[in-house]
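Some notes on the structure that comes next.
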Amino acid sequence: MDQRPMEKLLLMGPGGAGKTCMRSIIFDNYLPRDALRLGITISLDQSQVHILRNLFLNLWDCGGQHRYVAEYLGRQKEYIFRYVGVMLFVFDINSMSGGRDAGVAPSATESNANTDWKLPEMLEYFRAAMGYINEYSPNAKVFVLLHKIDLINKDMREAIFEARKKEILDVIGPNKTEIQFFGTSIWSDSLYLAYSAVVRSLVPHRDVLLRTLRDIAAACDAVEVALYERSTFLCLAHMTRREGRPHGDGTEGPVGDGGTRTTEMSEIVKHFKLSCLNNAVILNGLSIATGDFTALLHPFTEYTHVLVVSDDPDVDVELHRLNVTAARKRFQQFLQSGDSIAVAMNEVL
């Protein structure tokens with residue numbers, strides 16, 4: 001199969017925000033404690049990330065020191081901002097606070113000491129980046145991560161998140177670009193929530209995936225079903241049948257308190273998978289049974305796994321396995337059907 005054109009993922013933000021650290025956890029299988037030992041990014045670090053069958057990300061990790069940012073926004077602006085599929089702009093939410101917020105933990109002072117960026121400079125950097133994205137890549141998807149949110153008092157987290165979000169939106173004025181905001185931390189599943197949203201935005205015809213998950217949920221009488229990318233364990237699609245909850249991709253809020261089992265499983269299974277690799281064992285699925293629920297993680301396509309969660313602790317997990325296997329065969333038949341939507345999905349999945 002021919003390689004699809006690479007999606008350019010631009011990772012930007014002031015120095016010390018944690019861009020390289022989060023990238024290494026998601027795509028390079030670093031544990032948080034190991035990622036903290038990474039040095040700062042010098043100038044521009046380009047790498048290729050291959051996920052799913054045929055989705056290639058051309059990841060541009062842009063160093064956040066003032067002298068490099070001046071180059072990005074100056075003579076290199078067309079080189080940096082042209083052909084961008086996704087821009088991820090990362091702020092250290094504690095550095096943005098600058099001591100203004102009572103909810104910022106004392107340890108955040110240490111975080112502020114790691115950057116010489118002032119809030120007006122951060123906002124101006126983002127404003128300029130958005131201007132060039134709109135000029136050179138008007139169809140790019142934009143995500144803003146307010147990182148290190150774990151350093152903010154949990155009771156104040158949502159209020160401070162919303163205040164910083166408003167400041168960011170105010171600086172770009174009437175700009176109509178849709179921006180998704182997430183509060184993230186390397187110490188919780190919030191990072192997987194944010195990056196799952198990024199990858200989901202690049203998967204075509206996700207409504208078909210959601211319909212497939214609904215069929216699996218109905219067959220298994222499951223309360224939650226989720227589809228994960230095999231290597232990163234980012235969540236590609238999720239649905240829940242819980243009363244009062246959304247029915248498709250209705251996962252967590254963006255503030256970073258951690259979420260439902262969906263992104264918690266991303267983090268847990270990713271760590272378990274790394275433990276398996278360290279012991280020369282390949283993870284090909286697992287089942288969990290507690291006094292409250294039963295869960296099955298099972299291969300779906302060659303590059304994905306499906307998670308089925310039932311709130312009946314007495315259910316026979318083998319019944320889930322049979323239902324998933326049947327759904328898997330139907331989905332593979334659809335992908336090979338020659339339908340235009342199936343062809344587009346098969347190129348990626």
Side-chain angles (χ1 to χ4, degrees), residues 1-9 26-27 49-59 83-88 137-143 177-180 182 192-220 222 224-241 245-252 260 262-263 265-266 297-308 323-349:
M1 181 179 293
D2 294 336
Q3 177 176 321
R4 287 165 54 89
M6 285 192 288
E7 293 279 0
K8 183 175 177 181
L9 195 161
I26 295 296
F27 295 119
V49 176
H50 178 197
I51 58 178
L52 294 170
R53 176 191 300 276
N54 208 25
L55 181 58
F56 293 83
L57 304 180
N58 191 8
L59 181 57
Y83 307 122
V84 174
V86 175
M87 182 174 77
L88 252 172
S137 299
N139 296 320
K141 303 171 182 69
V142 180
F143 297 82
T177 302
E178 182 179 350
I179 303 173
Q180 293 191 52
F182 292 89
Y192 288 87
L193 173 65
Y195 272 83
S196 291
V198 171
V199 173
R200 282 200 298 264
S201 73
L202 301 174
V203 176
H205 306 294
R206 287 190 46 264
D207 56 317
V208 176
L209 292 180
L210 288 172
R211 287 200 300 270
T212 301
L213 297 191
R214 291 189 188 104
D215 290 343
I216 293 174
C220 297
E224 288 185 64
V225 182
L227 188 70
Y228 296 92
E229 195 275 328
R230 187 185 65 182
S231 61
T232 61
F233 264 89
L234 296 174
C235 183
L236 303 177
H238 165 255
M239 66 79 54
T240 178
R241 301 168 76 213
R245 296 281 296 281
H247 287 269
D249 283 351
T251 52
E252 307 76 4
T260 66
T262 305
T263 49
M265 284 295 292
S266 289
L297 184 72
H298 193 274
F300 192 63
T301 67
E302 185 179 358
Y303 296 92
T304 63
H305 282 68
V306 67
L307 173 72
V308 180
N323 284 320
V324 168
T325 300
R328 178 182 184 181
K329 289 179 180 177
R330 290 194 299 271
F331 190 68
Q332 289 290 354
Q333 290 171 354
F334 164 71
L335 290 180
Q336 301 300 325
S337 67
D339 179 88
S340 59
I341 293 177
V343 169
M345 296 183 70
N346 195 37
E347 286 182 356
V348 174
L349 295 174

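The figures that follow rest on heavy atoms only: side chains count, while hydrogens, waters and symmetry mates do not.
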Is there a donor-acceptor pair under 3.5 Å between the side chain of E229 and the backbone N or O of L52?
yes
Give the minimum heavy-atom separation between M345 and F331, together with the two atoms involved.
CE-CZ, 4.1 Å
Check whether T240 reaches the backbone of E224 with its side chain - one donor and one acceptor, N or O, closer than 3.5 Å.
no
Do P299 and R328 have side-chain heavy atoms sitting under 4.5 Å apart?
yes
What closest approach, in Å, do A237 and L210 show between heavy atoms, and which atom pair accounts for it?
CB-CD2, 4.1 Å
In terms of heavy-atom contacts, A327 and I216 come closest through CB-CG1, 3.6 Å
With T301, which residues qualify under side-chain hydrogen bond (donor to acceptor under 3.5 Å, both in side chains), at least two apart?
T304
Heavy-atom pair of closest approach, residues C220 and N323
SG-CB, 3.5 Å
Give the intermediate values and the outcome of side chain to side chain contact (heavy atoms under 4.5 Å, CB included) for residues L9 and L202.
CA-CA 11 Å; L9 195 161; L202 301 174; 5.6 Å; no
I need the S137 OG to M87 CE distance, nearest 0.5 Å.
10.0 Å
Nearest-0.5 Å distance that lies between atom CZ in F300 and atom CD in Q332:
7.5 Å
Tell me every residue that passes side-chain hydrogen bond (donor to acceptor under 3.5 Å, both in side chains) with S201, counting only those two or more places apart in sequence or in another chain.
none
Show your reasoning for whether side chain to side chain contact (heavy atoms under 4.5 Å, CB included) applies to N346 and F334.
CA-CA 9 Å; N346 195 37; F334 164 71; over 6 Å; no
How long is the gap from CD1 on I26 to OH on Y195, to the nearest 0.5 Å?
7.0 Å
Working note: L213 + V306, criterion side chain to side chain contact (heavy atoms under 4.5 Å, CB included); need CA distance, chi angles, decisive distance, verdict.
CA-CA 9 Å; L213 297 191; V306 67; 4.2 Å; yes
Between atom NZ of K329 and atom OG1 of T325, what is the distance when rounded to the nearest 0.5 Å?
7.0 Å
Contact summary for T232 and Y192, nearest pair of heavy atoms:
O-CE2, 3.9 Å
So which heavy atom on F27 is nearest to which on V49, and how close?
CD2-CG1, 3.5 Å
Which of these, V199, L55, V86, sits in a side-chain contact (heavy atoms from CB on, under 4.5 Å) with E7?
L55
Measure the OH-CZ distance between Y303 and R53 for me, rounded to the nearest 0.5 Å.
5.5 Å
Residue set satisfying salt bridge (charged side-chain N to carboxylate O under 4.0 Å, His left out) with D207, at least two apart, ordered chain then number -> R211
When rounded to the nearest 0.5 angstrom, what distance separates NE2 in H305 from NE2 in H298?
8.5 Å
Please step through side chain to side chain contact (heavy atoms under 4.5 Å, CB included) for the pair V348 and N54, ending with a clear verdict.
CA-CA 5 Å; V348 174; N54 208 25; 5.8 Å; no
